[in-house]
Amino acid sequence: MSEAKNYKDTVLLPKTDFPMKADLVIREPKRLEKWTAENLYQQIQSQTKGKPTFILHDGPPFANGDVHMGTALNKVLKDLIVKSKTMAGFHAPFVPGWDCHGLPIEFKVVKSAAGLTPVQIRTLSEAEARKYIDIQRASFKRLGVFGDWENPYLTLDPAYESGILRTFGKAVEKGLVYRMKRPVLWSYGAQTALAEAEVEYKEKTSPAIYVKFALVSPPPGSEGASLVIWTTTPWTLPANLAIALHPEFDYVSGKFTHADGRSKTLVIAKSRLEAFQAATGFILDTAHPSDAFKGSALNGSDAQHPFLPRTSKVINTLFVTDDTGTGAVHIAPGHGADDYQAGREHGLDILSPVDPDGKYTAECGLPDFVGKHVFSSNEGIIEILATNGALLGNEKYVHQYPHCWRSKTPIIFRAVEQFFIKIDAIRQKALEQIDTVTWLPAWGRNRIYGTVESRPDWCISRQRTWGVPLPVFYTAEGEIIMRTDIIGKVADLVEKQGTNLWFEKDDAWWAEAVGLPADTKRGNDTLDVWIDSGCSHVSVLDQHPELHCPADLYIEATDQHRGWFQSSLMMSIVARNAAPYKSVITHGFVVDTSGKKISKSDQGAGKSAKPMTADHYYNKYGGDMVRLWVSSVDYQNEVPFSEELFQQTSESYRRIRNTFRVLLGNLHDENVGQAARLPESLTLIDRWILERLHNLSLECEKAYESYDFRKVFTVVNQFISADLSSLYIDITKDRMYCDAADSPRRRATQSVIREVTETLCLWLAPILAFTADEVWEHLGHTKSIHLQGFRLANPNHVFDGVATAVEDLLKARAVIQQAIEAARQAKQIGSNLEATVHLTLPNTGFDHPVFSDLPTLREFFILSDLHLTRAETLAATVEVCTNAKCERCWRHLPDVGTHEAHPTLCGRCEEAVS
RNA sequence: GGGCAUGUAGCUCAGUUGGUUAGAGCACCGCCUUGAUAAGGCGGGGGUCACUGGUUCGAGUCCAGUCCUGCCCA
């Protein structure tokens with residue numbers, strides 16, 4: 001015994017199999033397999049059945065493209081909520097979903113091959129959607145997101161589609177759906193409507209002409225005056241119904257004279273005068289009096305159409321600009337988006353006398369032009385204008401003009417029949433319902449309120465193939481048949497066989513199937529995809545046995561105030577006259593570190609931009625690292641992201657992991673039976689850490705309740721680094737390593753360590769889904785941590801006077817450390833244990849009994865030798881300790897050398913090794 | 001151009017109803033330790049609180065305006 005040279009073997013150092021190196025990339029997939037094998041998600045659901053429910057309804061991501069960090073942020077946030085609600089005692093099933101229809105997929109498919117039939121387009125589109133569903137599902141699972149991954153909801157499921165149709169039927173039943181012409185981007189080359197994404201901008205030379213419209217009743221002093229418009233599409237003049245002025249712009253009315261002798265009284269925006277004179281040669285005759293007024297002065301007057309027997313209304317709109325033209329804008333509501341909007345606001349017709357080939361119809365009012373292509377009619381129109389004196393200028397104008405991606409022909413705006421939902425009929429109810437919902441952050445309420453307040457009627461038809469068909473029919477005479485009972489029959493058929501049926505069967509089949517005359521034809525339009533996802537409360541919340549409507553929570557990015565939150569609200573008003581959610585959270589977008597939005601075009605081959613797909617990060621750092629990053633950001637604002645920031649998070653992870661490792665290591669010889677309950681005889685530092693743990697639990701509980709994961713992250717980090725690492729673990733090292741294994745204070749500490757480790761681990765489980773489970777396993781548990789509840793703050797862990805005593809101790813500690821540091825920098829000592837410290841405490845305060853308890857003070861300050869005095873102020877001096885060093889515990893103590901059997905040990909260590 | 005947000009150390013963020021010298025974590029620098037060791041401890045440097053003006057004894061905090069950035073519109 002006395003021969004034992006190496007006392008190190010008698011020191012009870014931490015021992016654990018829990019590896020310091022996380023190897024998350026290797027370990028996490030194994031844990032995932034285990035979770036899958038034991039059906040963990042289903043276990044959680046059946047174990048929590050009967051508890052109060054918490055339904056977070058998943059907003060379906062578009063099934064196109066990889067999971068990027070923004071998508072990951074969204075899904076992990078949802079998972080943090082679901083996991084924390086589960087651990088807080090709720091039954092919180094999570095049914096993920098995907099938005100499957102829509103242009104981007106169809107466009108991709110159509111681009112890949114020419115001449116596809118609608119059925120082929122739909123088959124390929126479905127395959128494309130399913131491909132990305134699989135890719136995204138794999139990513140979400142890999143990120144540790146729990147949910148019913150084998151039974152997600154898809155907007156292309158027949159059951160889902162029938163829900164959409166029935167909700168549409170309800171809108172029809174309530175008289176909310178109407179038909180009206182509206183201009184769309186039209187390709188006469190491909191004979192189809194196009195979306196903005198299908199348009200390519202190319203250079204085109206167009207005529208740019210100045211045309212006068214004589215005012216029918218000009219303001220006094222401007223007798224015989226004409227408004228002058230500027231247009232690059234003369235062919236739209238037959239559809240002109242109005243002229244728009246800006247109400248705030250200054251306009252000049254005066255006599256203009258041309259070098260060729262022509263003279264006209266014209267009205268031009270003051271700021272455009274110079275440009276107009278230069279372009280047309282008409283010069284304002286300053287000798288004659290001219291009149292100036294605001295655009296609002298002419299609002300409501302009439303102007304004579306230059307070649308048709310009708311007048312155009314003079315209106316005021318705010319979109320009139322003064323960077324081109326004359327400040328007076330030619331309005332053809334059937335041929336432009338702004339024009340259409342202005343037309344709706346001012347009660348104009350939607351005149352669009354152009355057929356699908358781009359040729360004039362009889363409606364154009366010019367018999368000679370009927371059947372003629374609009375672009376080859378420009379010259380003819382200009383001639384007419386010149387002939388009747390309305391043409392004031394004619395130039396060539398080179399500009400970027402939209403062209404069809406497929407036929408390469410220039411696009412025209414052309415009005416076609418569209419279907420709309422009458423928002424006015426449901427607006428008031430929607431606004432009321434907005435105020436029954438909790439919006440987080442609170443400004444979200446104003447955001448969506450403003451959006452709903454001002455939104456125009458909802459155009460719900462699309463001239464597309466990859467979508468849910470708009471279930472209407474037409475009689476042989478072209479009369480529309482839009483009936484709830486027939487829509488119901490379509491929905492019944494779709495529920496069994498899917499919407500492909502609409503495209504596979506012919507008109508006759510459908511006519512018979514829904515009980516209409518044999519010569520009935522079905523419609524060609526599909527529904528706006530926002531209708532699809534906006535019906536999820538009907539198709540998912542109402543249908544799924546574990547879910548219900550309204551959901552407790554929707555959470556998506558801020559753009560969804562205008563998107564899904566709104567479409568869901570509207571469709572829910574249609575379906576049930578109430579909001580589909582009780583509360584709504586929004587999160588920001590992921591941006592790069594300079595605060596710029598990360599655009600998809602910066603990604604991909606040849607670009608220098610950093611990787612933004614989630615797989616890059618979970619394959620390099622691990623899923624828990626992504627999750628920890630999510631928990632660390634302020635998701636209510638834009639979320640800055642870069643790989644460097646990500647590495648910063650991984651530093652935090654390492655700290656957390658190492659702390660767990662040393663805690664686990666200190667439990668290696670734990671007396672399990674004893675550890676189950678905390679002994680009465682806890683030392684000061686044990687009581688203190690339990691009280692800190694109590695506070696931590698209070699804060700974490702509150703933070704999870706308010707979805708403030710960053711708070712959990714911060715509070716846990718500070719607890720780990722300030723309370724545990726630099727104090728509790730450091731201070732208790734001596735007793736843990738060097739006391740006899742069964743010393744009461746060592747055992748007490750061990751019990752506290754278990755309590756701390758388990759509680760902390762549980763609080764972290766929603767965030768570090770993999771690591772917490774791993775730690776839990778190493779704590780000796782056989783069931784997953786995800787089947788546990790949080791361990792709430794224990795009031796028995798609050799002790800009288802302890803917190804203030806430790807506050808004082810820390811003040812003294814700071815003074816001591818500074819003194820020691822000075823000695824260390826002066827190379828007088830190295831380790832703290834080599835110092836003798838004279839501590840002077842102030843006469844007042846510092847009156848807890850511990851301040852007369854030298855052994856405890858020495859332990860707390862981790863010193864070999866401490867001497868106390870009282871004086872005016874807190875101070876400390878340091879000298880080199882002259883005591884011999886105990887070879888085992890490294891403290892310099894006076895009794896080293898007094899023990900015969902172990903001459904190099906102190907008394908405590910001598911006993912411990914005997 | 002409009003609406004809604006946002007702006008505090010190199011980075012990510014705290015800063016209660018206005019009140020000492022504006023804090024934390026990470027990063028950085030120096031030292032110690034080598035019994036948490038691809039770890040740990042101690043000490044330190046670093047900020048005109050976006051800008052301008054105002055209210056006040058006193059403003060990161062309240063008010064007005066400007067600018068940056070983001071989302072949604074036009």
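Letters A, B, ... mirror the listed sequences (proteins, then strands); counts begin at 1. Nothing here was measured: the structure is a model prediction, and the numbers come from that model.
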Can you check whether [X] has a side-chain N or O nearer than 4.0 Å to OP1 or OP2 of [N]?
X        : N     : result
A:Lys8   : B:G35 : yes
A:Arg655 : B:G41 : yes
A:Arg661 : B:U37 : yes
A:Thr659 : B:A36 : no

* **Intra- and inter-strand pairs of RNA chain B in dot-bracket (Watson-Crick or G-U wobble, both distances under 3.5 Å; | for another strand)** => (((((.(..((((.....[...)))).(((((.......))))).....(((((..]....)))))).))))).

* Structure fact -> Assign each of A:Asn637 and A:Gln647 the nucleotide of RNA chain B bearing its closest heavy atom; nearer the 5' end lies the nucleotide of A:Asn637

Contact list (N/O, under 3.5 angstrom) for nucleotides 72-74 of chain B vs protein:
residue, atom, partner, partner atom, Å
B:C72, O4', A:Arg447, NH2, 2.9
B:C72, O2', A:Arg562, NE, 2.6
B:C73, O5', A:Arg562, NE, 3.3

Residues which pass salt bridge (Lys or Arg N to Asp or Glu O under 4.0 Å) with [X], listed by chain and number, not counting sequence neighbours:
X        : result
A:Lys702 : none
A:Lys811 : A:Asp808
A:Arg908 : A:Asp734, A:Asp739

* Rounding to the closest angstrom, what is the interatomic distance between B:C26 and B:A14 at atom C1'? -> 15 Å

* Asked: Using the P atom in both, what is the distance from B:A22 to B:U61, to the nearest Å?
  -> 15 Å

* A:Tyr707: what forms a ring-ring contact (aromatic ring centres under 6.0 Å, His included) with it, not counting sequence neighbours? -> none

* Neighbours of RNA chain B within residues 730-737 of chain A, by heavy-atom distance under 4.0 Å ->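 Of all residues in residues 730-737 of chain A, the ones placing a heavy atom under 4.0 Å from RNA chain B are A:Asp730, A:Lys733, A:Tyr737.
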
* **Results of side chain to side chain donor-acceptor pair (under 3.5 Å) for A:Arg735 - residues two or more places apart only** => A:Thr683, A:Asp686, A:Thr749, A:Glu859

* **Set of residues satisfying side chain to side chain donor-acceptor pair (under 3.5 Å) with respect to A:His838, sequence neighbours excluded** =>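 Only A:Glu879 meet the side chain to side chain donor-acceptor pair (under 3.5 Å) criterion with A:His838.
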
* Asked: Going by the side-chain hydrogen bond (donor to acceptor under 3.5 Å, both in side chains) test, which pairs reach into residues 440-453 of chain A, not counting sequence neighbours?
  ->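 As it turns out, the side-chain hydrogen bond (donor to acceptor under 3.5 Å, both in side chains) pairs with a partner in residues 440-453 of chain A, which skip direct neighbours, are A:Asp435-A:Arg445.
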
* Asked: Within the structure shown, what part of the strands sits under 4.0 Å from A:Ser725 by heavy-atom distance: base, sugar-phosphate, or nothing?
  ->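 The answer is base, as A:Ser725 lies within the cut-off (heavy atoms under 4.0 Å) of a base atom.
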
Contacts under 3.5 Å, N or O only, protein and nucleotides 29-33 of chain B:
residue, atom, partner, partner atom, Å
B:G30, N2, A:Glu821, OE2, 3.1
B:C31, O3', A:Lys827, NZ, 2.9
B:C32, OP1, A:Lys827, NZ, 2.9
B:C32, O2', A:Gly830, O, 3.2

* Asked: With a distance cut-off below 6.0 Å to the six-membered ring centre and an angular limit of 45° from the axis, does A:Arg182 pair with A:Phe420 as a cation-pi contact?
  ->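 No, a cation-pi geometry is absent between A:Arg182 and A:Phe420.
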
* **Carboxylate-amine/guanidinium proximity below 4.0 Å for A:Asp669 and A:Arg746** => yes

* Structure fact -> Here the salt bridge (Lys or Arg N to Asp or Glu O under 4.0 Å) pairs for residues 722-731 of chain A, sequence neighbours left out, are A:Arg692-A:Asp723, A:Asp730-A:Lys733

